[in-house]
Number of protein chains: 2
Amino acid sequence: MSDEVKRKQVKLRDVAEAAGVAVGTVSRVLNDNPTVNAEVRRKVQAAIDALGYELDIVAQSLRGGSTRMVACAIRDFDIPQFASYIKEAERIFRENGYTLLLSSTTNKPDVEVSLLRAFGRRRVDGIMMTVSDEAHKGVAQALEQAAAPVLLIDRDHVPALDRVMVDHYGGAKSALEYLLGLGHRRVGLLVGDTKAFPSRSRVQGFQDAHSSLSLTPDPGLVRMRVFDTEDAFRETMALMSLPEPPTALLVAAMDTLGGSLRALRALGQEVGRDVSLVAGSDSELAELYSPAVTAIRWDLSEMGRHAATMLLDRMRGQVPLAPRALKLPTTLIIRDSCRPPARKGLH
Amino acid sequence: MSDEVKRKQVKLRDVAEAAGVAVGTVSRVLNDNPTVNAEVRRKVQAAIDALGYELDIVAQSLRGGSTRMVACAIRDFDIPQFASYIKEAERIFRENGYTLLLSSTTNKPDVEVSLLRAFGRRRVDGIMMTVSDEAHKGVAQALEQAAAPVLLIDRDHVPALDRVMVDHYGGAKSALEYLLGLGHRRVGLLVGDTKAFPSRSRVQGFQDAHSSLSLTPDPGLVRMRVFDTEDAFRETMALMSLPEPPTALLVAAMDTLGGSLRALRALGQEVGRDVSLVAGSDSELAELYSPAVTAIRWDLSEMGRHAATMLLDRMRGQVPLAPRALKLPTTLIIRDSCRPPARKGLH
DNA sequence: CCGATTAGATGAACCGGTTCATAGGGGGCC
DNA sequence: GGCCCCCTATGAACCGGTTCATCTAATCGG
């Protein structure tokens, strides 16, 4: 406090000089190398403390190889689902000495490819990401040739990579079984892009639930490429304005429930009474809306935790051989937004 | 495609060798240094493309100084407000060639100090962050002595630093003026930690709105250290169970509206009719709840945009002298959750 | 008392770029 | 023809650590 603050960065050399030893010795002290005498260690430690030395991770990384950074790239991180996922993953990485590096893919394959290159240039130790189009050859190739281990988030198209997924198939199927069981025969489905695992699984679950009852869903009731609340608003309006509108909706696109609710409100359709509704992911909005909206739920923290742990294992080379795929279960939280459909012809 | 893929990283030296020039020349080509002949440039570029050379940013950073990384540390990034803010800031940084590095402070001063040290060790070019306790000497000192420019997010305690804030004072004051204007005289306030700018401002706005009408608020109606929905639930229960409960609530803690709504529901209190309610930050839940909840709103994207731009300016040394402080305005979005209080003694 | 062994410290090479002092070649000018 | 200058390329130092071959000194066995 009393003396002038040294402004220039203190380097390993300065510490070595102050302690009267070689730079290599200081480095060994820092790395807890056992081949250093206790007395010297004490002296070096004293010099480190006295000078307020801070290790330069950039320099360390250049020689050592590891940057202790993990990259994460997702479509959009103001989607609450992703935020909870990342929160938990970051916690685990931080506790293990890794720093998280965050980028948005903006849902464009060329951005995804260039991000992977950028991660390589930064020498990150691991990568967690989603991709917008699983059929895109360039992206798949970039993933397989990435300079660091890659863990796919809710994607399933590269068998060589570790991946953490959600059982969207089971979620959609059970939601549909519930609605069909209530007597609904025209159920609308809002999903994102079927080029990616979640929406593809949901459509499949939707289909299979119909098939197992020997029903064939009207293809016109499946609306794709719903990415935000505006899309959901528009598609809900379109669905409900059909000559023969659906009697129930599964709003399965990420974080788009609000758009559908606004549309139904604008049309004067009351949830539960006029149209049944299931949300494809749970939220406070679903829980506290009147009526409370039945929703498909899964554990986001657990997903983030597993993803981080799996990637850490892989980065440390602790994983023996085959890539691991984890699929988290979903639960249908039944609330008050679904009833049997009004009987045909009645009003 | 046809030939074997080279697995080892291609280095500058390899490119130089392939092009028959010196490494320095290749570096000059990469950095668009004008002192390089067009023909040589073409030849080098061809070698770069042929070998699939990728620059190593770690090595570049070691010599060059700049890592082109910006660190961001906030309390918790599954708070939707922060997510929107970061989304926009990340976009701008990415477009300017910077990578975002994300950490959670978990609201602990010692973590904040150690994060600042870690950012220094990583040689980040800039830092955006919040702190949990503005009175904490160690944190303030660490902020001022940080190795990179710091921009404070919604904090106002270090005059030497750039900062982007929200006018929580004005927001709380106008909300209170509205409620007091409706006739409410016992208004409950839920805020976070008054050690930090947002909650302190809100309490001040709450007080001043009372003072300007020569009213003195009951201190027992101000509940602090509300951080999550559980806290909000508990404190709302407590407030509404007072012998003389408030007739209106301002739930001003971040992202805690759901907790209060749950508590009111549990108590059988109907929003609007039994108790008036204002949310301290807007959300889909506030908008779509029944009744729709009056809320204080501000532009999160604009906040992120300004923060990123200001920090970029500072990092580039384009800012002349004094630190800049920006305070974003708030708007009170009046919906259906507030009515005049029921008259005393009536039921 | 001597050679072998070992604990512990050293100095230099190395990681992969950037940059700067220096040098070579060619053209213009007197 | 000689001098100067400009254009361009070179090679080495440098960034700040890590690591390894090497060296010194101390210990131990016989």
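These numbers come from the heavy atoms of this one structure, side chains and all, not from hydrogens, waters or symmetry mates.
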Trainee: What's the closest nucleotide to the side chain of A:Asp56 if the choices are D:dG16, C:dA9, C:dT10?
Mentor: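 So the nucleotide nearest the side chain must be D:dG16.
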Trainee: Of the nucleotides D:dT8, C:dT19, D:dT18, which one has an atom closest to the side chain of A:Leu55?
Mentor: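 Ranking D:dT8, C:dT19, D:dT18 by closest atom to the A:Leu55 side chain puts D:dT18 first.
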Trainee: Would you kindly compare A:Leu62 and B:Val26 by the position of their nearest DNA chain C nucleotide and give the one closer to the 5′ end?
Mentor: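 Upstream on the strand: A:Leu62.
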Trainee: Give the rounded distance in Å between these two atoms: CG of A:Asn37 and P of C:dT10.
Mentor: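 Going from A:Asn37 (CG) to C:dT10 (P), I get 11 Å.
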Trainee: Do the side chain of B:Glu90 and the main chain of A:Ser104 share a donor and acceptor less than 3.5 angstrom apart?
Mentor: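 Present.
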Trainee: Side chain of A:Thr25 only, please: which of C:dT10, C:dG16, D:dT10 is the nearest?
Mentor: C:dT10
Trainee: Between P on C:dG17 and CD on B:Glu54, what's the gap in Å once rounded to a whole number?
Mentor: 10 Å
Trainee: Round to a whole Å and report the spacing from CG of A:Asn31 to P of D:dC20.
Mentor: 12 Å
Trainee: Rounded off to whole Å, could you give me the OH-to-C1' distance for the B:Tyr53 and C:dG16 pair?
Mentor: 7 Å
Trainee: Of the nucleotides D:dG17, C:dT18, C:dT10, which has the atom closest to the B:Leu12 side chain?
Mentor: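 The nucleotide sitting nearest to the side chain is C:dT18.
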Trainee: Name the closest nucleotide to the A:Arg63 side chain, picking from C:dA13, C:dG16, D:dT8.
Mentor: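 Shortest atom-to-atom distance from the side chain points to C:dA13.
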Trainee: Rounded to the Å, how far apart are B:Arg123 CZ and D:dG16 P?
Mentor: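 Result: 6 Å.
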Trainee: If you only use heavy atoms from C-beta on, which nucleotide in C:dG17, D:dA9, D:dG17 is closest to the side chain of B:Arg28?
Mentor: D:dA9
Trainee: Are the side chain of A:Asp193 and the backbone N or O of A:Lys195 linked by a donor-acceptor pair below 3.5 Å?
Mentor: yes
Trainee: Classify B:Val58 by what it touches in the nucleic acid, base, sugar-phosphate, or nothing, heavy-atom distance under 4.0 Å.
Mentor: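 Result for B:Val58 = nothing.
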Trainee: Rounded to whole angstrom units, what separation is found between the CD atom of A:Glu17 and the P atom of C:dG11?
Mentor: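 It works out to 13 Å between those atoms.
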Trainee: Both A:Gly24 and B:Ala59 contact DNA chain D. Which one's nearest nucleotide lies toward the 5' end?
Mentor: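 Closest to the 5' end, via its nearest nucleotide, is B:Ala59.
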Trainee: Rounded off to whole Å, could you give me the CZ-to-P distance for the A:Arg13 and C:dT10 pair?
Mentor: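 Answer to the nearest Å: 16 Å.
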Trainee: What is the distance from CG of B:Asp14 to P of C:dC15, rounded to the nearest Å?
Mentor: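 Nearest whole value for this atom pair: 11 Å.
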Trainee: Among the candidates C:dT19, C:dA9, D:dT10, find the nucleotide nearest to the side-chain atoms of B:Ala22.
Mentor: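 Of all the options, the side chain of B:Ala22 is nearest to D:dT10.
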Trainee: Are B:Thr67 and B:Arg122 close enough that some pair of their side-chain heavy atoms sits under 4.5 Å apart?
Mentor: no
Trainee: Classify the nucleic acid contact of A:Ser27 as base, sugar-phosphate or nothing, counting any heavy atom under 4.0 Å across all strands shown.
Mentor: base
Trainee: Once you round to the nearest 0.5 Å, how far does CD of B:Glu54 lie from CD1 of B:Ile48?
Mentor: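 Taking CD in B:Glu54 and CD1 in B:Ile48, the distance rounds to 10.5 Å.
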Trainee: So, B:Asp162 side chain and B:Arg324 main chain: donor-acceptor pair closer than 3.5 Å or not?
Mentor: yes
